[in-house]
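Input: a single structure, listed below in structure tokens.
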Amino acid sequence: MPHRPPPAVRRAIIALPFLAAILLAMRLDRGPIRSSSDSAHPGFVLRDETAAAGIHFVHHRPSFDPKIAGIEPHVAAVGASVSVADFDGDGKPDLYFTNSRFGEPNALYHNRGDGTFEEVAASAGLADLNRPGEGVSMGAIWGDIDNDGREDVLVYRYGYLALFRNIDGHHFEDITEKAGLRRWVNSNGAIWIDYDRDGLLDLYVTAYFRDVDLWHLTTTRIMHNSFEFATNGGKNLLFHNLGNGKFEDVTDKMGVGSTRWSLAAASADFNGDGWPDIYLANDYGPEELYLNDHGRRFVLTTAGLESESKSGMAVALGDAFNRGRLDAFVTNISERGYIFQNNNLRLNEMPEEKRFRNVSEGEIADAGWAWGAQFGDLNNDGANELFVANGFISADRTKSYWYAMSKIAGANNRLFEDAASWPPFGNASLSGYEPSRVYMNRGVAGWVDVAKQVGVTDLYDGRAVAMADLSNHGAMDVIVANQNQPAIVYRDFPDSANHWIAFNLVGTRSNRSAIGAEVVIESGDLVQRRVVDGGSGFASQNDRRPHFGLGSREWVDRVVIHWPSGTTQTLARPPIDGFVTVIEPRR
Amino acid sequence: MSDATETAAVERNPISRAWRRASEIDPRYLIAFLITLVLVAAQLRYHMLGSYDRLVLTLAVCTATEALLSWFDRGKVVNLLSAYISGISLTLLLKPQGGALWPFALGGFLAISSKYVLQYRGNHLWNPTNFAISALLLAAPDRVSILSHQFGNDLTTNLVIWGFGLIIAARVGVVHITLTYAASFLLLNGARAAAFGQPMLPELAPITGPMYQLFVFFMITDPRTVVRGRRRQMVVAVLIALMETLIRFGSDEGWPLPTAFNAAPAILALATVGPIAKFLDLRRPRA
């Protein structure tokens, strides 16, 4: 360099971009400059109508063996669940909430059809499920296990599974013992899945803690053995429905006994081979995908899920970008300054690439300490929105457990595997008072959080999220079960100019609930797929009637239904702005 | 045994031979080997990187910045090995929100350019990686966090890294800094826990974590930013541990510290104590 400036000048010249880089980091910390035009017009409103609907459910968290009292707020931070089922077959979806403290009842809300609900759990025999020696409820899934036209229910607990047969649409009979399902599982999730396509709903139960009795512990070494790669959780279980009122444990035979602290499961035919697969969201570990090999066994496949090992809390399935595929959204933990595990939006490329591709970025990547989530077209414009519940433990606002957590999270596993080694929780919060997120889908422009604009402002510790058209008015209402706090029902009021269509599927060769059926609609340039939900999100189950927004499209060209039996049915030009009942062809 | 016999015995012993040969290698190559080992182990065992684009980007920015600035400032392109070490360290330590890549680019640039801007008497004061991470954690806490537990928490990985780390630190001649810091951490935080009635193990636990493995082998021992003299180096290591203990005390007491101090107390302790010690050291006349 022939004419180099003096050293001080050279340093000053270098200092300019150096300072600019620091300023740029500060600017980028504030996030991108948003285009407010889109977010100001989400095209729907969510109105809290919980009280008006007569829903007064408050969840109560459990209390465990005093030996783990130091971290009880952490261990006992689950159990608020909600599932949707038309248990009396009157065409209107009802709601079932679980409670988690001994003596506190679960609640079954019967939908009167006039916007109000009546609590009937006690008379139905589904209230008193939280008892010493039996366990406390963590969630429930509904499905017609005997194909008698009435939805039965399985309640999973930290404790014994409990299966109830729907006798007459009003009363339930405990058939757990007879069904061979009286198993102690510390479970936070379960799904119905007809894995062998025999027309009977089989049961997959996820396990979190291994099968210890959390009220009578013989050891405090019950925690995970890694914060990102733990394998010492409870063993997930698969039960085959034999059709005679009994279930058989086929976990090992089918190869689905993951011990990865599974918090949630969801099922769909991801690779398009006609057989339902299982997707797991695991806490303290990577997600897992079990591909169904023609009902003979499941094969654990990496599918690109192994490289971002995190804290999976929920898995929601939906067609994120109208590709006619079911993509997976898996929630995780983020806390400013401490950790960004980032939610995953995994695009399904299984049929071609045999993998999922994570495209999560921007706002949907970081919702906070995210729990339940569901896809749903809240504005009926033809693209799915995402509702994400957030917040772990809201206690003393002035005390955070994050610093204490940071001490132990990086430690050697022998230390934190022992619950007694953890710093005592006290009355600290841990990612508490976080708002729910409502992400509006703007296609290639990304997702934008419109929660405040549409009226979602609560700061409860959200857990389960379910979507249902509670008034059969062509809109996806959102029900959130909050941990140790009141549940909320948000009524959805979409732009009235938009059209919609929904389907009421009745299986014949398939299970009567049509759980696992996949519906693809084609309307001009719109192609979208949904699956009839046998349990998804976190501790939740959606309305079994697939709902599609159509925007301004005034007809649907074609509907293709892939029934769990393997039958494919095509409908041409079905009527819109209403429910279409479809009975599976018998042959 | 005569000297000649001893020498011959050493030459026959392959471990001794390797040890002697290692002493002839530029220390930066040993450090580069160790950090590469950590990277490869972390990726193969835990898929820790998430994606390779962040590694490529950080290395590219670090080496390009080093090449450009050294050419501009000194009229020649310097050895890029330290830029490589900074690049790997940053890739491992930075955990941004939503898989964003800009923290790696800005971090790489800040790390290397800090060596050319934050100087005293021709020497840089901050360990480049330490500076970049501290700056990003303070400037962008909503978008950037630091490695905490992504190494999997298992004993085998800990032992491998500590084993290789100690051997290489000994060969490079900085193991006394590592051991002094580790001992000071244990003593001071143990004393803090005892004094305030806190459970002992959680207070000692952090040093077994992955962030500390990178900290004690690649930051606090950086030959370019440590002070002169073995004893002084040990005193500074104690002071850094002392500052960290103070930060941890403040975090326990709920002092209104920026989140960076709570999330990465060791990093911030080095970022505050290290440059002052180096500055004072540079003011001392050379022996």
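A note on names: the letters A, B, ... follow the listed sequences, proteins ahead of strands, and every chain is numbered from 1. Source: prediction; values computed, not measured.
- If you measure heavy-atom distances from A/Ser421 to chain B, the contacts under 4.5 Å come from both the backbone and the side chain.
- The contact list for residues 192-205 of chain B toward chain A, using heavy atoms and a distance under 4.5 Å, reads B/Arg192, B/Pro199, B/Leu201, B/Pro202, B/Glu203, B/Ala205 by residue number.
- Put simply, the side chain of A/Tyr338 does not reach to within 4.5 Å of the side chain of B/Ser145, judged on heavy atoms.
- Among pairs with a residue in residues 48-67 of chain B, those fulfilling salt bridge (charged side-chain N to carboxylate O under 4.0 Å, His left out) read B/Glu66-B/Lys115, at least two apart in sequence or across chains.
- Taking the side chain as every heavy atom from C-beta outward, B/Gln97 and A/Asn342 approach each other to under 4.5 Å.
- For the atom pair CG (A/Leu415) and OG1 (B/Thr208), the distance works out to 7.0 Å, reported to the nearest 0.5 Å.
- Expressed to the nearest 0.5 Å, how far OH of B/Tyr116 lies from CZ of A/Phe18 amounts to 13.5 Å.
- Looking at A/Ile22 and B/Leu106, their side chains never come closer than 4.5 Å, going by heavy atoms from C-beta outward.
- Looking at A/Ile13, only its side chain comes within 4.5 Å of chain B, counting heavy atoms on both sides.
- A/Glu361 pairs by the salt bridge (charged side-chain N to carboxylate O under 4.0 Å, His left out) definition with nothing, not counting sequence neighbours.
- Side-chain contact check for B/Asn262 versus A/Ser406: every heavy-atom pair is 4.5 Å or farther apart.
- Looking at B/Gln43, there are no atoms closer than 4.5 Å to chain A (heavy atoms on both sides), in backbone or side chain.
- Residues forming a side-chain contact (heavy atoms from CB on, under 4.5 Å) with A/Ser431 (at least two apart in sequence, or on another chain): A/Glu335, A/Trp369, A/Phe392, A/Trp402, A/Glu434.
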